[in-house]
Amino acid sequence: MEKTVTFDTALQLAETYGNRPENLELAESRFNVRIVARDGWMTIEGGKPEVELAEKFFETMRGARKQGMRIGNSDFKNMLERAAGGKMDEIIQVFDNPIVINLKRKSVVPKNINQKKYLKFIQKNDIVFGVGPAGTGKTYLAVAAALKCLQDKSIEKVILTRPAVEAGEALGFLPGDLQEKLLPYLRPLYDAMNDMLGADETLRLMERQIIEIAPLAYMRGRTLSNAFVILDEAQNTTMEQMMMFLTRLGENSRMIVTGDITQIDLPKNKKSGLKGALEILGGIDGIKLFYFDAGDVVRHPLVTKIVAAYENSSKENDS
């Protein structure tokens with residue numbers, strides 16, 4: 001069987017597979033078909049079920065690109081793995097009535113159903129907990145949502161915070177000014193903003209204190225109004241710190257709390273504030289708890305397998 005998928009331009013065709021010819025070879029292998037792509041068209045040859053699945057996949061990628069999604073190499077590979085793994089319907093749902101966060105430097109689009117649900121929760125609630133393993137996008141999407149609110153002027157500032165557990169929040173012994181002392185703990189937040197805004201724009205907004213990055217200890221005693229506040233690595237807060245943070249919420253503010261309860265670095269005699277909050281706050285209107293799992297990892301496909309392997313090992317050790 002042979003099917004042809006047509007595109008508006010050769011560039012649009014190339015953008016559906018991340019502009020990397022090797023990705024077409026990977027698609028041939030995963031779908032068990034033969035693909036020829038040139039100019040503004042693509043032919044797919046093979047058995048009927050395989051060709052129809054591959055056709056549906058590339059048509060979906062074409063639609064995603066038309067919606068404004070920029071399909072990078074890792075994006076393509078993750079979508080391909082899901083499609084080949086029987087989750088084509090899920091991919092279609094992601095781009096049905098899409099959520100697109102258009103920022104100055106790039107567009108951020110959820111890459112799976114759970115990311116889409118998470119963003120919807122963020123849009124509709126004042127406090128959202130995003131819990132799950134590394135690579136699920138819980139912090140990255142929270143930063144994107146915060147920067148979008150800032151861009152739309154619905155809030156006046158973005159505040160990003162993390163507990164500096166490794167230094168016991170006693171940062172004075174580290175060299176440099178406060179920003180330099182905090183950099184090792186807050187690097188993932190800087191990386192996310194640099195990716196979305198660019199390093200120069202991020203620095204400009206920080207110099208104007210429109211974006212503030214600070215350790216959790218510096219939140220004490222403040223009331224955070226007209227702000228979008230993100231607490232990252234929340235599994236390393238104590239119960240007291242978590243309550244302190246959540247009660248900083250002021251008028252016209254929103255909070256996102258992210259963490260992974262399998263990666264707690266607190267002393268064994270200290271209960272994680274994230275665990276405690278998940279147990280206590282689930283029934284309160286305006287607060288939503290959202291859980292990601294290993295299947296939601298959107299980094300290199302091997303990361304999903306690594307996370308799953310560790311989860312299985314942990315379950316075996318507990319039994």
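Remember, it's a predicted structure, so these values are computed and weren't measured experimentally. In what follows, every heavy atom counts, from backbone to side chain, and hydrogens, waters and symmetry copies are set aside. Sequence positions, counted from 1, serve as the residue numbers for this chain.
Side-chain contact check for Lys275 versus Gln235: every heavy-atom pair is 4.5 Å or farther apart. Using a 4.5 Å cut-off on side-chain heavy atoms (C-beta onward), Met193 and Ile213 make contact. Counting only heavy atoms from C-beta outward, the side chains of Asn78 and Leu80 never approach each other to under 4.5 Å. Counting only heavy atoms from C-beta outward, the side chains of Gln115 and Phe292 approach each other to under 4.5 Å. Taking the side chain as every heavy atom from C-beta outward, Leu216 and Met244 approach each other to under 4.5 Å. Side-chain contact between Val158 and Ile210 is absent, with no heavy atoms from C-beta onward closer than 4.5 Å. A 4.5 Å side-chain heavy-atom check between Met219 and Leu231 finds every atom pair outside the cut-off. When side chains are defined from C-beta on, Glu212 does not count as touching Met206, because their heavy atoms never get closer than 4.5 Å.
For Thr247 (side chain) and Met243 (main-chain N/O), a donor-acceptor pair under 3.5 Å exists by modelled atom type. Arg248 places a side-chain N or O within donor-acceptor distance of the main-chain N or O of Arg222, the cut-off being under 3.5 Å. With Lys157 contributing its side chain and Leu224 its backbone, the two residues share no donor-acceptor pair below 3.5 Å. A distance-only check finds no donor-acceptor pair linking the side chain of Asp152 to the backbone of Ser154 [under 3.5 Å]. Although no hydrogens or angles enter the test, the distance criterion places a donor-acceptor pair under 3.5 Å between the side chain of Tyr118 and the main chain of Lys138. No donor-acceptor distance shorter than 3.5 angstrom exists from the side chain of Ser253 to the backbone of Leu249, with no hydrogens or angles considered. Of the possible donor and acceptor atoms, none in the side chain of Arg162 sits under 3.5 Å from a partner among the backbone N and O of Leu189. No donor-acceptor distance shorter than 3.5 angstrom exists from the side chain of Glu240 to the backbone of Gly273, with no hydrogens or angles considered. The backbone N or O of Thr238 sits less than 3.5 Å from a side-chain atom of Gln241, completing a donor-acceptor pair. Checked by atom type and distance alone, the side chain of Asn125 never pairs as donor or acceptor with a backbone atom of Ile287 at under 3.5 Å.
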| field | Criterion salt bridge (charged side-chain N to carboxylate O under 4.0 Å, His left out) on Lys48 and Glu55, from CA distance to verdict | value | CA-CA 10 Å; Lys48 183 177 180 180; Glu55 177 190 26; over 6 Å; no
| task | Give the C-alpha distance, both sets of side-chain angles, the deciding distance and a yes or no for side chain to side chain contact (heavy atoms under 4.5 Å, CB included) between Arg34 and Glu50. | result | CA-CA 10 Å; Arg34 181 173 180 270; Glu50 293 80 5; over 6 Å; no
| salt bridge (charged side-chain N to carboxylate O under 4.0 Å, His left out) between Lys3 and Glu52, intermediate numbers included | CA-CA 8 Å; Lys3 286 274 191 176; Glu52 288 179 345; 5.5 Å; no
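Within 6.0 Å of CD in Glu251 there are 12 or fewer heavy atoms belonging to other residues, nucleotides or ligands. Atom CE of Met1 has more than 12 neighbouring heavy atoms from other residues, nucleotides or ligands inside a 6.0 Å radius.
Leu13 contributes atom CG, which lies 10.5 Å from atom CZ of Arg62 (distance to the nearest 0.5 angstrom). Summarising the geometry, atom CZ belonging to Arg30 is positioned 13.0 Å from atom CG belonging to Asn23; distances are rounded to the nearest 0.5 Å. The CG atom of Asp8 sits 8.0 Å away from atom OG1 of Thr6, with the distance rounded to the nearest 0.5 Å.
Each of Ile35, Ile44, Asn32 was evaluated against Val51; a single residue qualifies, Ile44, per the side chain to side chain contact (heavy atoms under 4.5 Å, CB included) test. Among the candidates Ile211, Ile159, Ile122, Leu160, the single residue satisfying the side chain to side chain contact (heavy atoms under 4.5 Å, CB included) test with Phe228 is Ile122.
Ion pair Arg204/Glu201 flagged as a salt bridge, since at least one NZ, NE, NH1 or NH2 atom sits closer than 4.0 Å to an Asp/Glu carboxylate oxygen.
The ring-ring contact (aromatic ring centres under 6.0 Å, His included) pairs that include a residue from residues 3-56 are Phe31-Phe57, where partners are two or more places apart or lie in different chains.
Under the salt bridge (Lys or Arg N to Asp or Glu O under 4.0 Å) criterion, Asp191 pairs with Arg187, not counting sequence neighbours.
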